[in-house]
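Sequence lines set the chain letters: A, B, ... in the order given, protein chains first and strands last, and positions in each chain run from 1.
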Amino acid sequence: MTQHLPVLQVAIPLLASAVCAIVRNARIAWLIALATTWTAFVIALNLLFRVQSEGIISYALGGWAAPYGIEYRVDLLNAFILVIVTAIGSVVIPFALKSVECEVDKSKGSLFYTAYILCFTGLLGIAVTGDVFNVFVFLEISSLSAYALIAMGQDRKALTASFQYLIMGAVGATFIVIGIGLMYVMTGTLNMADLAARIPEVRANRTIPVAFGFLTVGISLKLALFPLHLWLPNAYTYAPSAVTAFIASTATKVAVYVLLRFFFTIFGIAFSFDIMQLHIVLLPLALIAIFSMSLVAIFQQNVKRMMAYSSLAQIGYMILGISMVSVTGLTAGIIHLFNHAMMKGALFMALGCVMYRIGSVDISAMRGLGKRMPWTMAAFVGAGLSLIGVPLTVGFISKWYLILGALEQSWWPVVVVVLITSLMAVVYIWRVVEVAYFKDYPDYDCKPVCEAPLGLLVPTWVLVATSFYFGIDASFTTKIAEAAARTLLGIGL
Amino acid sequence: MTLAMTSGLIVILPIAGALFVGFSSKWPNVREGFGLITAGGLFGLVLTLIEPVKNGQRPELTLVEVVPGIELALRVEPLGLLFALVASFLWIVTTLYAIGYMRGHHEENQTRFFVFFAIAIAGAMGVALSANLFTLFTFYEALTLCTFPLVTHHGTKEAKKAGRVYLGILLGTSVCFQLLAIIWTWQIAGTVDFMNGGILAGTASNGVLSVILVLFVFGVGKAAVMPFHRWLPAAMVAPTPVSALLHAVAVVKAGVFTILKVAIYIFGIDLLGVLASTIWLAWAAAATIILGSLVAFTKDNLKARLAYSTISQLSYIVLGALLANEWGIIGGGMHIVMHAFGKITLFFAAGAVLVAAHEKDISCMRGLGRSMPVTFACFFVGSLSIIGVPPAGGAWSKWFLGLGTLEAGQMGLLIVLMVSSLLSLVYLLEVPARAFFSSPREDVHSGKGIHEAPWPSLVAMVITALVTLGLFLNPDPFYELMTLVVFS
């Protein structure tokens, strides 16, 4: 049984989504989703511990040995990604029950969970597979279901947001499949390990650099790297709260994983960074993303949109860490995948609580909420502190490694940008804090607002607590991130 | 109970106290009772550490290893003990004072006030006992964040604005400069532990180390070295007990304490002496001393005047650390104590005037001494200590600081100290002089109907004034601790 875990990681949710589509009852669909995500979480943890103790797990799908059959290959990096995705997926589902009832049309209840699990499946599939075409297939599964999920938002603008994402996402996916096709033409294989072995022989041919270019643009679109980020703010703003919390903490992370996998494992650092000089492209884009998106976040009136721009800046931090191509830098990038998932998930869920009670996340509508919804706003502040990077929160750990990495390279301007942008996070978080705690609740509103129900609060606080816990004792996450970074760079422990 | 556990308990106890205070919000008397008991218990715990530390013990407690090599850990050493002693003792007195003040002034949200107050003390204790820069930074930031609700207690526009300045400067400097300095230290030295003799010597060129020193001195915004001093006057919108304990003792002293600690245990006196930036920073501190005093002159609002006086006095301690010799360090450490007792007395008196006579401006305090003799007598004693003349404790710290400047061969700095003392003589003694010797204003109040502040406040004030006098007669306990710091 346990040797089949890699495939069960994907197969169980895939089957569950089909069941969900059939049942047509939101409550039952929710139960199925709950069971699925939690099972997947347990499997992911199991895989992570096994990889830690036994090393890489390779699983031949249908018994067909690689490179002819499809291989599922779990190493420390993607085991970590699996844990992130399943953890967020299983925390958001309990939250979704009430939030979705409130925000999504009742008749679409079961379809919501179908799409949710499909998206979940797609993300897990991307992470677990060792086959590049499989990556594309799962990418499409996750993207298509994500478009549907976003389109279910209350506001009619959700439809245009979803459409915008669909166009951009389709362009990205096409670029990726072209890149994969070109690699296949040159090497005759789709298996990642096999590709990694064969590409050096053919890389002198111009086709491989072209494939590299297509993949770079395609993946950057998916992970919303500046200037290919335009789809993201609208999608995050108008999607239902539960969807934003889930997608913001997982989809872009998985895309970052794809980037790491393609450029470090498949093309190899020698080709990606010595010959193609990828970091020269990534570094300035990351810095511009960090700075400009933090700046834009400050001026947003809709807090969800503010957090969306903040996410873009945070993606910049991850790419910044990766573009250092050093152990410390990569550790910073990988650990920030986890850390950012925790804190942004918590923030979006706190905003979901606000949405549930007052039906808006405009900053002006949040007046006086500090008194009306103390636990919700406390969660927002707690996760916000993490975003700022206060010590004993996960944000600090990321910042520590990022600055350390930049210092190692003597990249002074980078250090300055990181420090200043973390202050910009103070500004936008504190704008919300001031409104929530110092302004009085509008009197003319006769309907009294009270604290969000426990069903929403508990999952939110679980993530807040996690973001503190792994800020206080980060040895577990840093060890994994560092080991994964060393593997990617091909440096022994 | 082992000593290490005691040190852990010192940090945890105020937080536990905060919880009790929070849960007993419905019964003000019980709530304040909890406050006093916790404060007393805390001081008792700190006292038990004195003897072992004097005997050379340095209890250590590792709470958690955050990432490999970076620990949240406590270590009791003489300088930290000195700070902890002062802060915990003054917490008792301030709690007493706050009871009178908050009730007499009919403040709202008193429970929130006492809760964050207690958490702030936990932050200060953490700073005092931290074993490495990371721990210190953690508690330093915690102290900033948990005092924010205290500064903005009134929730008015003015308070909100002040809160922005407060948070902006303190977080800004600590994140941009101090954190950078800490990570840089970690990168070049491979450790951020406080060690006798410092950890930075020989790890990098003197040029780099000079830059790190600058980052530390300006990165500790709580030390209010100009131009990063604006938060302190801004924070004066807070209720007076907050100004008293936090902005005369816990917060600002956490700042100068950090600088002393970095100077002694990260750089080491010997290294400081050879760095090029040391003397420049010493002059920056000297400039702050003079400018702070000059600005204090121009302020008619009593709390604002005291705020600028604090800015000036804090730089005495920064200067002491940067003199890079034993006397400077001893003087700086002693001044933490002396200034704390002197300045808190002044703030208590200012708050008492506010509660009893509703006056904030010095020009309106004419003749008040007749109806509030005890308050202004205490103010007089506090002033003497700040000025640094006998029979108040401040004389000793200024004496040692003066010795330090001579030892460093900096006559210019000695003159700065003297001039500043003269300035403070004028701007502080103006207050009791007006109160006692001018005739009362006839238009507003003829002295009738104005009494001394509520008794808890009065008692608190008298205690700190008496201790200020007592410290002149017997500064030995603190002097001994400082000699342990310097000569161990």
Side-chain angles (χ1 to χ4, degrees), chain A residues 328 331 335 368 370-371 374 381-382 384-385 388-394 396-410 412 415-427 429-431 433-435 437-440 469-479 481-482, chain B residues 63-72 109 112 126 130 133-146 148-149 152-161 163-164 166-188 192 208 211 215 219:
Chain A
T328 318
T331 307
I335 203 167
K371 280 225 174 80
V381 174
L385 290 179
I388 294 165
V390 173
L392 302 190
T393 64
V394 286
F396 181 78
I397 308 290
S398 307
K399 199 160 74 179
W400 177 277
Y401 276 101
L402 207 54
I403 294 174
L404 199 59
L407 279 180
E408 278 175 6
Q409 317 255 357
S410 305
W412 290 105
V415 174
V416 173
V417 168
V418 173
L419 291 172
I420 287 180
T421 50
S422 64
L423 287 180
M424 290 161 90
V426 181
V427 177
I429 292 292
W430 230 256
R431 271 188 71 206
V433 170
E434 281 192 354
V435 170
Y437 286 93
F438 293 122
K439 292 241 168 97
D440 286 332
Y469 179 81
F470 286 106
I472 293 169
D473 184 1
S475 49
F476 177 68
T477 45
T478 46
K479 256 182 216 153
E482 197 181 335
Chain B
L63 301 173
V64 62
E65 187 174 36
V66 176
V67 295
I70 307 282
E71 289 172 338
L72 202 61
N109 299 322
R112 185 182 76 192
S130 54
L133 280 171
F134 169 74
T135 313
L136 191 144
F137 182 71
T138 303
F139 284 110
Y140 179 98
E141 294 291 56
L143 190 54
T144 308
L145 290 171
C146 68
F148 176 78
T152 55
H153 184 79
H154 293 135
T156 57
K157 251 199 171 109
E158 198 195 355
K160 205 165 83 178
K161 212 173 131 199
R164 279 186 197 164
Y166 186 78
L167 211 59
I169 293 184
L170 289 186
L171 276 185
T173 50
S174 65
V175 168
C176 278
F177 305 141
Q178 193 187 345
L179 178 61
L180 176 59
I182 292 171
I183 301 182
W184 206 348
T185 305
W186 164 255
Q187 202 227 336
I188 59 177
V192 284
V208 169
V211 175
L215 287 175

So which part of B:Leu171 gets closer than 4.5 Å to some heavy atom of chain A, the side chain, the backbone, both or neither?
-> both
Using non-hydrogen atoms and a 4.5 Å limit, figure out which bit of B:Val66 sits close to chain A: side chain, backbone, both or neither.
-> both
For A:Ile420 against B:Cys176, the heavy-atom pair lying closest together = CG1-SG, 4.4 Å
Structural part of A:Ile472 lying under 4.5 Å from a heavy atom of chain B = both
If you tally heavy-atom pairs under 4.5 Å between each of A:Thr477, A:Val416, A:Leu404 and chain B, the highest tally belongs to A:Leu404
A:Leu407 vs B:Trp186 side-chain heavy atoms within contact, under 4.5 Å | no
Test item: A:Val426 and B:Val175 side chains (from C-beta on) under 4.5 Å apart, heavy atoms | no
Would a 4.5 Å heavy-atom cut-off, applied to side chains only, mark B:Ile182 and A:Trp400 as touching?
-> yes
Of the backbone (N, CA, C, O) and the side chain (C-beta and beyond), which part of B:Leu145 lies under 4.5 Å from a heavy atom of chain A, both, or neither?
-> side chain
Euclidean distance, B:Thr152 OG1 relative to A:Glu434 CD, rounded to 0.5 Å | 9.0 Å
Check whether A:Leu385 gets within reach of chain B through its side chain, its backbone, both or neither, counting any heavy atom under 4.5 Å.
-> side chain
Which pair of heavy atoms, one from A:Ala474 and one from B:Val67, lies closest together, and at what distance?
-> CB-CG1, 3.7 Å
Would you name the heavy atoms of B:Pro68 and A:Thr478 that are closest together and state the gap between them?
-> CD-OG1, 3.8 Å
Verify the neighbour count for atom NZ of A:Lys479: are there more than 12 heavy atoms of other residues, nucleotides or ligands below 6.0 Å?
-> no
Relative to chain A, which segment of B:Phe134 carries a heavy atom at a distance below 4.5 Å: side chain, backbone, both, or neither?
-> side chain
Take atom CD in B:Glu158; do more than 12 heavy atoms of anything else shown fall under 6.0 Å from it?
-> no
Under 4.5 Å, counting heavy-atom pairs only, tell me which of A:Phe476, A:Trp412, A:Tyr437 racks up the most with chain B.
-> A:Trp412
Roughly how far, to the nearest 0.5 Å, is CZ of B:Phe177 from CG of A:Leu419?
-> 9.5 Å
Evaluate whether atom CZ of A:Phe438 has more than 12 neighbouring non-hydrogen atoms of other residues, nucleotides or ligands under 6.0 angstrom away.
-> yes
With only heavy atoms counted, which part of A:Ile397 is less than 4.5 Å from chain B, the side chain, the backbone, both or neither?
-> side chain
Between CG on residue A:Leu392 and OG1 on residue B:Thr135, distance to nearest 0.5 Å = 9.0 Å
Among B:Glu65, B:Arg164, B:Glu141, single out the residue with the greatest number of heavy-atom pairs under 4.5 Å to chain A.
-> B:Arg164
Give, as side chain, backbone, both or neither, the part of B:Leu179 having an atom under 4.5 angstrom from any heavy atom of chain A.
-> side chain
Which region of A:Tyr401, side chain (C-beta onward) or backbone (N, CA, C, O), has a non-hydrogen atom less than 4.5 Å from a non-hydrogen atom of chain B, or is it both or neither?
-> side chain
Quick check, are the ring centers of A:Trp430 and B:Phe148 under 6.0 angstrom apart?
-> yes
